[in-house]
Amino acid sequence: MLRKIHSLPGLIAALLIVLLGITGAVLSVDPAIDRLGTSIPAHLSVAELAGRVVAHYPGAEQIQRTPSGGIIVYYHSDSGAGADRVDPQRGSRIEPYVPSAFSRWTKQLHRSLLLDTTGRAATGITAIVMLVLCVSGLLLLVKRVGGWRQVAGPLRGNRSQRWHAEVGRIAIAGLLLSALTGTYMSAATFSLVSDGTQDEPDFPAATSGGPPAPVARLPALVATDLADLRELVLPDPSDSAAVYTLRTVQGDGYVDQSTGKLLVFRAHSGVRDTYELIYKLHTGEGLWWLGLLLGLCALGAVWLAATGAIVWWQRQRAKPKIAGNSPAQSAETLILVGSENNSTWGFARVLHDALRKAGHKVHTAPMNQAPFQRSPARLVFILTATYGDGEAPSSANQFRAQLAQRAPDPATKFAVLAFGDRQFTKFCQFGKDVDAALAAHGCQRLLELTTINRQSSQEFARWGVAVGPLLGLELELEHTPAHPKTFPLYLRERIDYGIEESEPTVVLRFDAGAGQPAGLFQRHRLPHFEAGDLVGIIPPGSPMPRFYSLASGSRNGVLEICVRKQPHGVCSTYLHGLQTGERIDAFIQPNPQFRPASGKAPVILIGAGTGIGPLAGFIRNNTGKYPMYLYWGGRNPESDFLYEPELKNYLADRRLTQLHTAFSRVHNGVHVQTRLTEDADNMRKLIENGGQVLVCGSSAMASSVRMALDEILAPIHLSVLTLKTNGRYREDVF
Ligand SMILES: Cc1cc2nc3c(=O)[nH]c(=O)nc-3n(C[C@H](O)[C@H](O)[C@H](O)COP(=O)(O)O)c2cc1C
């Protein structure tokens, strides 16, 4: 619902938001330019200024002070009427005052789209839409990150989602201010609220009628500071009944031209002061720095409209399209889906199709629409993502409450397939909660809960292999989530390890094929990537990409991965068989969470086996020589000390501060977690100094490391969970 409130009005008003954003940003520069060309004298009275101006302009009719402090004189002379910007110190001309036609046009476009009343109404409605977008966007952001406390924390999601949320949270205050003030000003334009400008003072009933005194000596003007002046309208000297009209920040009045007394004065009402404050806060007039900030936020609105449209389109593309969905009333099997960004639906569709092909009558629906009461189905598959910080995704946020009221028949068998990301502290938490809730209602598990990390096609296929026999079927579940366009890579170099241990591991270095003939629009250039990102490689004969952590960044000129040959592994066997010069097809999947934080705090890198790849990449790119400590576990130093020569060079040139290795297949062999425990004092010191931990390797190794570190950190009242919550513990686990 919240998402609909955010995306629908956003999409409808997107073009107007873009237009108002651009024109608002252009206009925001005016106050700063105006302020730049203005010198503001301290403690000058209106009388002094007017005296100086009149000396240079005997035909002066009006003196105006702009919100930025500039002084404009409107006058008539023998050559006609004119307006000049004047120097307040001398009263002499600086330059003719010619308001910019472009600026006026932009203002009209911003206020009324050059369409008069209809346009004003449209911009007013856009301001209200902006208000709705700001509030709903903020609530969505809070939901996304898992609570108000995490609002400033790291953002997750694909690139467009992250950019949308990142710019949104930076610009929200400015956009909210612009939207609120814009809405109020529109309401004032249509007299829905008062702006207080109608409260004019009454013209004085009588004046002294005496001869005009020099303006510089009129007491009411001597008593008015120039900083308070808005406008002084000078009287016609030939009319003895005429008066000065004085408009100031505090109010408006009339001054006798002979006695200089304030004949009438009417202070501005609270309504008027409020309107003027709102006007100032919207335009930045008189607050040039605020104007510039609001201008940047207005550009942010343009960016948000563009990225918001992309995010919406991506979500539409991934929307569920389930063919042959049996009615719930006749279905034998239910597939219930919990999803936020729709990718889980792709997996659900593959399961649906496979079961249908095997003759099952399947009904697939969002978890919030679980038809337990309407359906005779006694087999339920739950495929659900986790969102926020361990919470339900939007299509499942009512599920547990509904379960309490309308639970499935206890004879129902169920299996939960939980989608998540190991980078989160609460990995697949919602799936785990649902699994426990169904069991608590007496339903039987068909299979233990299975987790799928980062939409892994392989893990999904393995789950199919496990589920199939329980249903008396052979379930071949092949699903490849949409991936970016691939690019060719050519093997430039390979370094083989582990042959003696019969555990072949190879470091492969690819380039973009500088020596290959280029097509018309082809460039032999690697796309941008960083060490720690993932490369998806599509082996021949399988549409499923396999992901490998990158050991280099594109700035290193090569794409480097470290691959261990897996028994029966389709892709690892393919990669191990590659000869230099051969081509593969690949794409990059950014993994921005897995990077060393910039700065001087120590970085503790922990890995085993091929997990050294991205860690070696981080050290290679540590050109600032910040403290980096590597703890790495291998099998045998003779055969599989991966990156040995490079690591020695990094130690020598201080890109690496300390290297701790652990080998398991030697006399008294140990694993990497043992090294950590041996070095516990050092480890505690590094963490107390703000250290960050990056772990890469198998999930078994990562879990042993977590246990060892929890023990090491207990005396200083810290834990892996606390470090994870603070973004100081990151894992890349396979
Ligand atoms: C903002 C955000 C928050 C997430 N929070 C969690 C989480 O707390 N635990 C977890 O295991 N996965 C989390 N994930 C990962 C998703 O569950 C995972 O990417 C899932 O495959 C997305 O499925 P969907 O596209 O159907 O929503 C989060 C993803 C995003 C974008």
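When a residue number appears, it is its place in the shown sequence, counting from 1. Just so you know, these numbers come straight off a predicted model, no measurement behind them. All ligand and atom numbering here is 1-based and tracks the order in the structure.
Side-chain contact, Ser457 with His479: no donor N or O sits under 3.5 Å from an acceptor N or O. Under 3.5 Å, the side chains of Ser326 and His363 contain no donor-acceptor pair of N or O atoms. Ser549 and Asp732 share a side-chain donor-acceptor pair at under 3.5 Å.
Aromatic pair Phe594/Phe618: ring centres closer than 6.0 Å.
In this structure, Gly388 has a heavy atom closer than 4.0 Å to ligand 1.
Residue Asn342 touches ligand 1 through its backbone alone, judged by heavy-atom distances below 4.0 Å.
If you check which protein heavy atom lies closest to atom 16 (C) of ligand 1, you get Thr386 O, 3.4 Å. In terms of protein heavy-atom proximity, atom 19 (O) of ligand 1 is nearest to Gln455 NE2, 3.7 Å. With hydrogens left out, the protein atom closest to atom 11 (O) of ligand 1 is Cys428 N, 2.7 Å, a heavy atom. Here the heavy atom of the protein found nearest to atom 4 (C) of ligand 1 is Phe424 CZ, 3.1 Å. Looking only at heavy atoms of the protein, atom 9 (N) of ligand 1 is closest to Lys426 O, 2.9 Å. Closest to atom 12 (N) of ligand 1, if we only count protein heavy atoms, is Asp421 N, 3.2 Å. Annotation: atom 24 (P) of ligand 1 to nearest protein heavy atom, Ser343 OG, 3.3 Å.
Between Phe419 and Phe347, the ring-plane angle classifies as tilted under the 30° and 60° cut-offs.
Checked against a 3.5 angstrom limit, the closest N/O atoms of Gln161 and ligand 1 fall outside it.
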